[in-house]
There are 2 protein chains.
Amino acid sequence: MSQTLSAQLRLRDLILSGELQPGERLSEPSVAERLGASRTPVRAALVRLAEEGLVKPIPSGGFAVNSFAEEEIHDAIELRGTLEGHAARLAAERGAPGGTLAEMRRLLVRMDEATTPPISEDGFTDYVALNAHFHELLVEAAGSAVVARQIGRVVALPFASPSGFVLAQAALPASQCVLVVAQEHHRAVVEAIEHREAARAEALMREHARLARRNLELVLHDQDSLRLVRGGVLIRRRGWA
Amino acid sequence: MSQTLSAQLRLRDLILSGELQPGERLSEPSVAERLGASRTPVRAALVRLAEEGLVKPIPSGGFAVNSFAEEEIHDAIELRGTLEGHAARLAAERGAPGGTLAEMRRLLVRMDEATTPPISEDGFTDYVALNAHFHELLVEAAGSAVVARQIGRVVALPFASPSGFVLAQAALPASQCVLVVAQEHHRAVVEAIEHREAARAEALMREHARLARRNLELVLHDQDSLRLVRGGVLIRRRGWA
DNA sequence: GTGATACAACCTGTATACAGGCTGGTCTGA
DNA sequence: TCAGACCAGCCTGTATACAGGTTGTATCAC
């Protein structure tokens, strides 16, 4: 593995885990020393993380750990809904590859199994992986590299990703019902794509993203579950410093 | 100006003007010599252009000038329509700042003047600038940095930008009618945002982007007008090498 | 004549040295 | 005591040297 990639991954972990505080300046020499690399790959890694949004350029040069207002995350999730709706619509309009649809259906069965009440902790963990895969397949079904790239950029922020709040949700009451609704969305969108019902497919994915928005609000008022959200430490809550 | 920014701008110009051919490998030493900079800023510029999409990473390392299939541009324009529709909907739902709306209305008047038949060549040039500004204001009206950033990424590709095909359009018959329709969209979307008609605002911007798709098809069958499209040399036409 | 191999040129990834500029603190004078 | 200026440390942007790997070509063997 290249030093650049290694630095990018480790730096991302340090940020998302909260070891590097939001607002903290990331000087190249200090990061380089911490990661045991030279300034060149560290610089490249910082540029990539800035692209992802985890790090923000400082006017006088260099980068600092970024933080996110609740409204921004709101917007990012809604934007994901619109983009995934776009992808679902394209898939329905143009027709999705048979193999992709078949895999989505297989995934639906496995997700049903994972979400059959009572849901164990492992069930949630399994669901996170399966759900992420499902959303990847949806993008694949649209068959557009341009759309895939764009969605990838939004989803790069972990709390904007489809599975961002699922684990935190597990710690909340009534969480099992939310999963049931989410599953229904998944099932219905596959059906809509198969039947070439474009408007329905789009509307479903938009509504689907709304579940994440609701989870966001719930989680923000529960310090314990917020810790379960990857990158949750970067979230600036309303009325906080 | 920094060497990095200078290299980025000049390299972008070289690519969009066709001086660097699509598919051509851009080795750091050769580019550095051409631009009179050292490898470090050239490398940074290449990374940024790769982010924009003008340049594509090569598996074995380094970058090559990218090219675009007609379908990709299709998709990029439709994606822009969806994102601008998203922005228009947000603006209508949440309410746009009064100042922004006022400026959009002022712009409408000036665009009307520029597009009153018969339209001179200067009229088209003026319209390009005014149109670009109008679309920027639409994004501003949505009041979301997340959305603005995302739209900015799509629009970075010149032929996916709102004014990408306007100049080429000037060389085509019936072009004046298209401008009239586009203007009607502009007028209507401002009205929709003012009246908080979210669904209407969104649908209008989607349809608005379709005009660009139609222009794309027209232009692709007219070699002369294709030359007027910035970055047109990067477009791979169907059935071409 | 063709295929495989070896070599040479080149290119990327990385480390590091250097110059210019910014920041923060301290000291001095009013 | 407070304000302003100066100074030192640090940091970024840039240039360049070096090592490892890749590509393309030329040559040799079959």
How long is the line joining [atom1] of [X] and [atom2] of [N], in whole Å?
X       : N      : atom1 : atom2 : value
B:Met1  : C:dG20 : CE    : P     : 20 Å
B:Arg43 : C:dA15 : CZ    : C1'   : 13 Å
B:Gln3  : D:dG13 : CD    : P     : 13 Å
B:Glu28 : D:dA15 : CD    : C1'   : 13 Å

- Between A:Arg206 and A:Glu84, is the closest basic N to carboxylate O distance under 4.0 Å?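 Salt bridge between A:Glu84 and A:Arg206, a charged N being under 4.0 Å from a carboxylate O: no.
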- Message: Contact between B:Arg34 and B:Glu19 at the side-chain level, heavy atoms closer than 4.5 Å - yes or no?
- Response: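 Yes; the side chains approach each other to less than 4.5 Å.
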- Item | Side chain proximity check, B:Glu51 to A:Arg153, heavy atoms < 4.5 angstrom |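 Answer yes - side chains close enough.
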- Task: Report the residue (B:Gly61 or A:Ala37) whose heavy-atom-nearest nucleotide on DNA chain C is the more 5′ of the two.
- Result: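 It is B:Gly61, whose closest nucleotide lies nearer the 5' terminus.
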Can you tell me if the side-chain N/O atoms of [X] get under 4.0 Å from OP1 or OP2 in [N]?
X       : N      : answer
B:Arg39 : D:dT14 : no
A:Ser2  : C:dG13 : no
A:Thr4  : C:dG13 : no
A:Ser60 : D:dC11 : no

- Looking across every strand, which nucleic acid part, if any, lies under 4.0 Å from A:Thr40 by heavy atom: base, sugar-phosphate, or nothing?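 It contacts base atoms.
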- Message: Base, sugar-phosphate or nothing for B:Leu26? Non-hydrogen atoms, less than 4.0 Å.
- Response: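 Sugar-phosphate: the residue B:Leu26, judged by heavy atoms under 4.0 Å, touches backbone atoms but no base.
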- Aromatic rings B:Phe134 and B:His186: how do their planes relate, parallel, tilted or perpendicular, breaks at 30° and 60°?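 B:Phe134 and B:His186: tilted rings.
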